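Structure first, then comments.
Not measured: the values here are computed from a predicted model.
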Amino acid sequence: MKNSDEREAMFAEVLEGLNQPQKALPSKYFYDEKGSKLFDEITELNEYYPTRTEWQILESKIGEIERYLGDDILLIEPGSGSSDKTRVLLDQVSGICCYIPIDISGDYLQKVAGKLRRDYPSIQILPLQADYTQSFKLPASSPEARRVVFFPGSTIGNFKLETVQRFLKVISEITGRDGALLIGVDLKKDIEILEAAYNDSKGITAAFNKNILHHINRVLDAGFEASLFEHKAFWDEGKSRIEMHLICQQDHEVQINGTSISFKKGETIHTENSHKYSLKDFEEIVSPWFTVKKVWMDEEKLFSVQFLEPAGD
């Protein structure tokens, strides 16, 4: 359950987004406990290539990755979710002394942390509930070690450019001059592959998209009827991104914490972007804060895992 300050912040963000000419909601509000579980289901879908492809890269290149990471590692993961993918590192990188999973969903985070403590008794597990797109402090009990931020899953593609820049600044402050960033980056590819990944035949992505409404209902005592909205995801070539929307099926009004928001039939709520990059484009974006030292890709070049170190002065 969110405290009053968190609810007020959520209400302000939701209201601001829904009062824009193009209604929008912050994608971070997908991730209550149910949303986190739905996303885990998405990662197992046949159509959704990023997770299995990144997993294959991590497993096949783990020896090289370990050499780049070093010997004494404080592993930090913003948006950690289930931490399943991180287990590849926890299992095989001997230098990890501490793991700090960071997630906005506190209840889910604590459950995952409990499992990790049982499975990795020799690694200190320090869960941190935080919005990682804003400045945050690591737990005071964090050991002195090389700070390596692990950011898998192509989440960087969900951010607008200004959010990417803010995020990279925050992460560079966390890693310091001696740290590093190990990050998943989704690459440009055929439109058919991209659109299938976000419009799965089982409808799980649709349920995940609509869950943002259920989350807002629960926390803000709102009156969204999810059945009045339809999931749609499509590729925008000009912006090089997949866009996810919820399309209103009829005129109606929704009460949110005592405020009325009007919806017209055909109007959409923009819930998420997923930008896809070329290697050159991504290198240019990170260059003020980080230098790309190594890129690993699958044979089809669908996805990349990249190792970055702080840029020199």
Side-chain angles (χ1 to χ4, degrees), residues 1-14 17 25-40 42-43 73-87 89-90 96-120 123-143 145 147-153 155-156 158-159 163 166-175 179 181-184 208 211-222 257 271-272:
M1 179 65 68
K2 295 182 185 294
N3 61 40
S4 59
D5 289 341
E6 290 173 327
R7 285 195 296 271
E8 287 181 15
M10 182 179 185
F11 176 60
E13 287 185 293
V14 167
L25 289 170
S27 58
K28 65 185 177 182
Y29 294 130
F30 286 134
Y31 297 99
D32 59 356
E33 185 171 359
K34 180 180 179 182
S36 296
K37 289 178 179 178
L38 282 168
F39 184 74
D40 288 345
I42 288 171
T43 64
I73 305 160
L74 171 58
L75 189 67
I76 304 156
E77 185 180 1
S80 54
S82 65
S83 294
D84 284 348
K85 203 175 298 176
T86 318
R87 288 173 177 264
L89 301 182
L90 298 177
I96 298 173
C97 65
C98 178
Y99 171 51
I100 301 177
I102 303 170
D103 207 90
I104 198 170
S105 178
D107 293 342
Y108 188 65
L109 177 65
Q110 292 301 327
K111 290 180 180 179
V112 171
K115 293 179 182 178
L116 291 168
R117 289 190 179 105
R118 290 192 293 273
D119 293 343
Y120 302 97
I123 298 175
Q124 189 176 12
I125 308 295
L126 299 175
L128 176 64
Q129 184 179 5
D131 178 356
Y132 62 79
T133 63
Q134 309 293 329
S135 294
F136 59 89
K137 292 183 179 180
L138 298 181
S141 54
S142 302
R147 295 179 176 184
V148 175
V149 172
F150 182 45
F151 199 55
T155 305
I156 192 76
N158 299 142
F159 300 156
T163 307
R166 184 172 67 244
F167 172 76
L168 291 169
K169 183 177 184 294
V170 168
I171 296 306
S172 68
E173 292 169 354
I174 291 294
T175 61
L181 171 60
L182 183 66
I183 186 169
F208 174 73
N211 186 66
I212 199 168
L213 304 181
H214 295 301
H215 187 190
I216 292 169
N217 282 349
R218 179 172 54 80
V219 176
L220 299 181
D221 192 26
N257 199 24
T271 55
E272 187 176 54

Evaluate the criterion ring pair (Phe, Tyr, Trp, His ring centres under 6.0 Å) for residue pair Tyr120 and Tyr99; output intermediate values, then yes/no. CA-CA 10 Å; Tyr120 302 97; Tyr99 171 51; 8.6 Å; no
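- Using a 4.5 Å cut-off on side-chain heavy atoms (C-beta onward), Ile156 and Ile183 make contact.
- No donor-acceptor pair under 3.5 Å is formed between the side chain of Ser142 and the backbone N or O of Leu138.
- Between Phe151 and Tyr132, the ring planes are perpendicular. Angles over 60° get that label, and only those under 30° would be called parallel.
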Stepwise side-chain contact (heavy atoms from CB on, under 4.5 Å) check, Leu90 with Leu116: CA-CA 10 Å; Leu90 298 177; Leu116 291 168; 4.0 Å; yes
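- Between Pro127 and Arg117 the shortest side-chain heavy-atom distance falls below 4.5 Å.
- In terms of modelled atom types and a separation under 3.5 Å, the side chain of Arg147 and the main chain of Leu74 share no donor-acceptor contact.
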Does the pair Gln134 and Val170 meet the rule for a side-chain contact (heavy atoms from CB on, under 4.5 Å), with working shown? CA-CA 7 Å; Gln134 309 293 329; Val170 168; over 6 Å; no
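- Atoms CZ and CG, on Arg7 and Leu220 in that order, are 8.5 Å from each other to the nearest 0.5 Å.
- Residues His215 and Lys34 have side chains not in contact (no heavy-atom distance under 4.5 Å, counting atoms from C-beta outward).
- At least one donor-acceptor pair closer than 3.5 Å links the side chain of Gln129 to the backbone N or O of Ile104.
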Worked check of ring pair (Phe, Tyr, Trp, His ring centres under 6.0 Å) between Phe39 and Phe30: CA-CA 9 Å; Phe39 184 74; Phe30 286 134; 9.1 Å; no
Run the side-chain contact (heavy atoms from CB on, under 4.5 Å) test on Arg87 and Asp84 for me, step by step, so that the C-alpha distance in whole Å, both residues' side-chain angles and the decisive distance to 0.1 Å come before the verdict. CA-CA 5 Å; Arg87 288 173 177 264; Asp84 284 348; 4.2 Å; yes
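- Between the side chains of Asp221 and Asn257, no donor-acceptor pair is found at a separation under 3.5 Å.
- Proximity of Thr175 to Val148: side-chain heavy atoms (C-beta onward) are nowhere separated by under 4.5 Å.
- Residues that satisfy the side chain to side chain donor-acceptor pair (under 3.5 Å) test with Tyr108, not counting sequence neighbours, are Asp40.
- Leu25 has its side chain within reach of Leu213: a pair of non-hydrogen atoms, C-beta onward, lies under 4.5 Å apart.
- A donor-acceptor pair under 3.5 Å is absent between the side-chain atoms of Asn211 and the main chain of His214, judged by distance alone.
- Distance check, rounded to the nearest 0.5 Å: CG of Leu38 to OG1 of Thr43 gives 11.0 Å.
- Residues Ile123 and Cys97 are not in side-chain contact: their nearest non-hydrogen atoms beyond the backbone lie 4.5 Å or more apart.
- With a 4.5 Å cut-off on side-chain heavy atoms, Leu181 and Leu168 count as touching.
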Steps toward side-chain contact (heavy atoms from CB on, under 4.5 Å) verdict (Glu77, Ile102): CA-CA 6 Å; Glu77 185 180 1; Ile102 303 170; over 6 Å; no
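- At a threshold of 4.5 Å between non-hydrogen side-chain atoms, the residues Leu126 and Cys98 count as touching.
- Atom OG of residue Ser135 and atom NZ of residue Lys169 lie 6.0 Å apart, to the nearest 0.5 angstrom.
- Between Thr163 atom OG1 and Lys28 atom NZ the span is 10.0 Å, to the nearest 0.5 Å.
- Between the Asp103 side chain and the Leu109 main chain, no donor and acceptor come within less than 3.5 Å of each other.
- In this structure, the separation between NZ on Lys85 and OG on Ser80 is 12.5 Å, given to the nearest 0.5 Å.
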